[in-house]
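A, B, ... follow the sequence lines: proteins, then strands. Residue 1 opens every chain.
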2 protein chains.
Amino acid sequence: MPAAAPPLRITPASPLFLREDEIRRGIELLYFGYTAMIRGADAILEAQGFGRAHHRALYFIARRPGLSVGELIGLLGITKQSLGRVLTELQARDLVEQAIGTTDRRQRLLSLTAAGTALETRLFTELERSMARAYGEAGQQAVTGFWSVLMGLVPPEDRPRVEALQD
Amino acid sequence: MPAAAPPLRITPASPLFLREDEIRRGIELLYFGYTAMIRGADAILEAQGFGRAHHRALYFIARRPGLSVGELIGLLGITKQSLGRVLTELQARDLVEQAIGTTDRRQRLLSLTAAGTALETRLFTELERSMARAYGEAGQQAVTGFWSVLMGLVPPEDRPRVEALQD
DNA sequence: CAGATATGTCAACATGACTGTCCCAACGAT
DNA sequence: ATCGTTGGGACAGTCATGTTGACATATCTG
């Protein structure tokens with residue numbers, strides 16, 4: 001059972017919820033909410049000499065162990081040169097390891113080492129703290145709305161890739 | 001009246017909506033949704049030789065005309081040196097102007113020129129296109145949930161600053 | 001008047017993205 | 001079996017945007 005919701009006073013969207021004011025409210029909350037959630041992990045990363053780019057790579061490798069370099073590039077939306085540096089550093093620190101692809105031997109399938117899993121868990125726990133508090137304050141129904149709007153922001157052609165993360 | 005919602009199949013949050021899977025879903029949707037919304041304006045910015053930092057400054061100056069440099073620094077969460085470079089460039093291009101503070105003459109109150117307003121409007125229209133589509137697909141009630149969760153992500157001590165943007 | 005505050009500026013540096021190029025190994029089809 | 005394509009790695013240079021630190025100036029406040 002979820003804890004009783006503390007009083008989070010949110011003005012509901014009006015029937016005219018496509019007015020500029022309400023659009024701007026969404027833009028601003030998305031900006032501040034996103035940066036607030038991310039910020040929690042920054043101290044851990046900095047202590048390790050890593051940045052947010054390393055975090056994103058760790059996150060998706062943890063989420064889809066055995067994914068190929070190309071798939072990770074697609075998820076992150078960056079170039080292979082940009083990812084290359086990050087991946088090299090994570091491997092040098094024994095947080096990420098590669099395996100030769102089984103069906104296609106050109107592929108390098110990425111996974112976390114035990115140390116990598118440990119770090120990713122610490123980072124995830126930070127994000128989880130923010131997100132769980134927000135979910136708990138807002139309630140189950142609000143969470144569904146939150147997901148709906150965010151998925152609506154993703155261009156339809158990119159949605160399958162996001163859905164595919166959900167097993 | 002809003003257009004009939006197209007079929008946006010979103011699995012609702014389960015009663016156990018604080019499980020790791022559902023937390024991860026929120027993290028991922030927040031990441032992909034945020035980047036998708038932002039991306040729309042990038043082409044306009046690049047054509048002008050600007051980046052996202054310029055966009056954020058323009059956005060908040062448009063939102064709160066006459067705000068001081070210190071207030072803008074607080075909203076953006078960056079140092080005055082970082083903002084200084086951005087602001088200098090925007091002023092050199094006659095998009096932003098300064099006025100001496102009325103009650104405190106040390107303050108520089110920022111506002112957009114006509115050209116600045118024109119550019120900000122173009123950029124906003126891009127964001128609005130994404131956001132309005134997402135709102136429309138998800139519906140009024142989902143928008144309220146979207147706002148609730150995002151506000152819950154913002155640390156309570158930072159919430160007044162976000163609320164203050166809503167007039 | 002003295003100290004604190006708002007802002008500006010110069011310099012050095014770090015991160016993380018980009019483009020462009022070249023390379024090699026492995027796949028796939030002819 | 002050769003050949004074009006693909007997955008991945010490596011090197012070089014550049015750019016945007018953030019950081020710290022130090023110092024200057026004008027103005028406010030006690």
Side-chain angles (χ1 to χ4, degrees), chain A residues 31 34-35 38-39 41-61 66-93 96-111, chain B residues 31 34-35 38-39 41-61 66-93 96-111:
Chain A
Y31 170 68
Y34 177 75
T35 60
I38 291 294
R39 203 164 42 225
D42 284 348
I44 298 173
L45 289 165
E46 192 184 2
Q48 306 278 331
F50 292 132
R52 291 179 180 177
H54 303 88
H55 187 184
R56 287 194 289 272
L58 285 175
Y59 181 93
F60 285 115
I61 297 171
L67 90 172
S68 69
V69 171
E71 287 167 343
L72 184 51
I73 287 172
L75 282 171
L76 295 175
I78 60 177
T79 61
K80 67 172 178 175
Q81 292 90 335
S82 296
L83 178 60
R85 176 166 35 196
V86 168
L87 228 39
T88 300
E89 288 165 2
L90 291 173
Q91 286 167 344
R93 294 273 293 273
V96 166
E97 56 191 3
Q98 289 186 341
I100 303 288
T102 50
T103 65
D104 184 339
R105 291 175 48 81
R106 291 171 303 179
Q107 293 183 331
R108 299 302 126 117
L109 308 185
L110 302 168
S111 56
Chain B
Y31 170 68
Y34 177 74
T35 59
I38 291 295
R39 204 164 40 227
D42 284 349
I44 298 173
L45 288 165
E46 192 183 3
Q48 306 280 329
F50 292 132
R52 291 179 179 178
H54 303 88
H55 187 184
R56 288 193 289 273
L58 284 174
Y59 181 93
F60 286 115
I61 297 171
L67 91 173
S68 69
V69 172
E71 287 167 343
L72 184 51
I73 287 172
L75 282 171
L76 295 174
I78 60 177
T79 60
K80 67 173 176 176
Q81 293 90 333
S82 295
L83 179 60
R85 178 166 35 200
V86 168
L87 229 39
T88 300
E89 289 166 2
L90 291 173
Q91 285 167 342
R93 295 272 294 272
V96 166
E97 56 193 1
Q98 289 185 342
I100 303 287
T102 50
T103 65
D104 184 339
R105 290 174 49 82
R106 292 171 303 179
Q107 292 183 331
R108 300 302 126 117
L109 306 184
L110 302 167
S111 58

Specify the separation, in whole Å, of atom CD1 of B:Ile73 and atom P of D:dT20.
13 Å
CD of B:Gln98 versus P of D:dA26: gap in Å, rounded?
15 Å
When rounded to whole Å, the CD1 to P distance for the pair B:Ile100 and C:dT7 reads 11 Å
4.5 Å side-chain heavy-atom contact, A:Leu67 and A:Ile61
yes
If I take atom OG1 from residue B:Thr103 and atom CG from residue B:Leu109, how far apart are they, to the nearest 0.5 angstrom?
8.0 Å
Regarding A:Gln91, tell me which of base, sugar-phosphate or nothing describes its non-hydrogen contacts under 4.0 Å with the strands shown.
nothing
Measuring only between side-chain heavy atoms, which start at C-beta, is A:Gln91 closer than 4.5 Å to A:Leu110?
yes
Do the rings of B:His54 and B:Phe50 sit parallel, tilted or perpendicular, given the 30° and 60° boundaries?
tilted
Are any of the side-chain heavy atoms of B:Ile100 and B:Gln107 separated by less than 4.5 Å?
no
So, do A:Leu76 and B:Tyr31 sit near enough that their side-chain heavy atoms are less than 4.5 Å apart?
yes
N/O to N/O distances under 3.5 Å, protein versus nucleotides 27-30 of chain C:
| unit_1 | atom_1 | unit_2 | atom_2 | d |
| --- | --- | --- | --- | --- |
| C:dC27 | OP1 | A:Arg105 | N | 2.9 |

Write down the atom of B:Ser111, the atom of B:Gly66, and the distance for their closest heavy-atom approach.
CB-N, 4.4 Å
Just the rounded figure in Å: distance from P of C:dG16 to CG of A:Asp42.
10 Å
Taken to the nearest whole Å, CZ/B:Arg108 to C1'/C:dT9 is 14 Å
Any chance you could measure A:Ile44, atom CD1, to A:His55, atom NE2, to the nearest 0.5 Å?
8.0 Å
Short of 4.0 Å, heavy atom to strand atom, which residues of residues 52-60 of chain B count as contacting DNA chain D?
B:Arg52, B:Ala53, B:His54, B:Arg56
Checking all strands, does B:Glu71 fall into the base, sugar-phosphate, or nothing category for heavy-atom contacts under 4.0 angstrom?
nothing
What is the distance from CG of B:Leu72 to C1' of C:dT7, rounded to the nearest Å?
13 Å
Aromatic ring pairing B:Tyr34/A:Tyr34, orientation class (parallel under 30°, perpendicular over 60°, tilted between)
parallel
I'd like to check B:Gln81 versus B:Arg85 (side-chain heavy atoms, cut-off strictly below 4.5 Å). Are they in contact?
no
Treating B:Arg52 as the side-chain partner and B:Ile38 as the backbone partner, does any N or O pair qualify as donor plus acceptor under 3.5 Å?
no
Looking at residues 78-90 of chain A, who's got a heavy atom less than 4.0 Å off DNA chain C?
A:Ile78, A:Thr79, A:Gln81, A:Ser82, A:Arg85
Rounded to the Å, how far apart are B:Glu46 CD and D:dT14 C1'?
14 Å
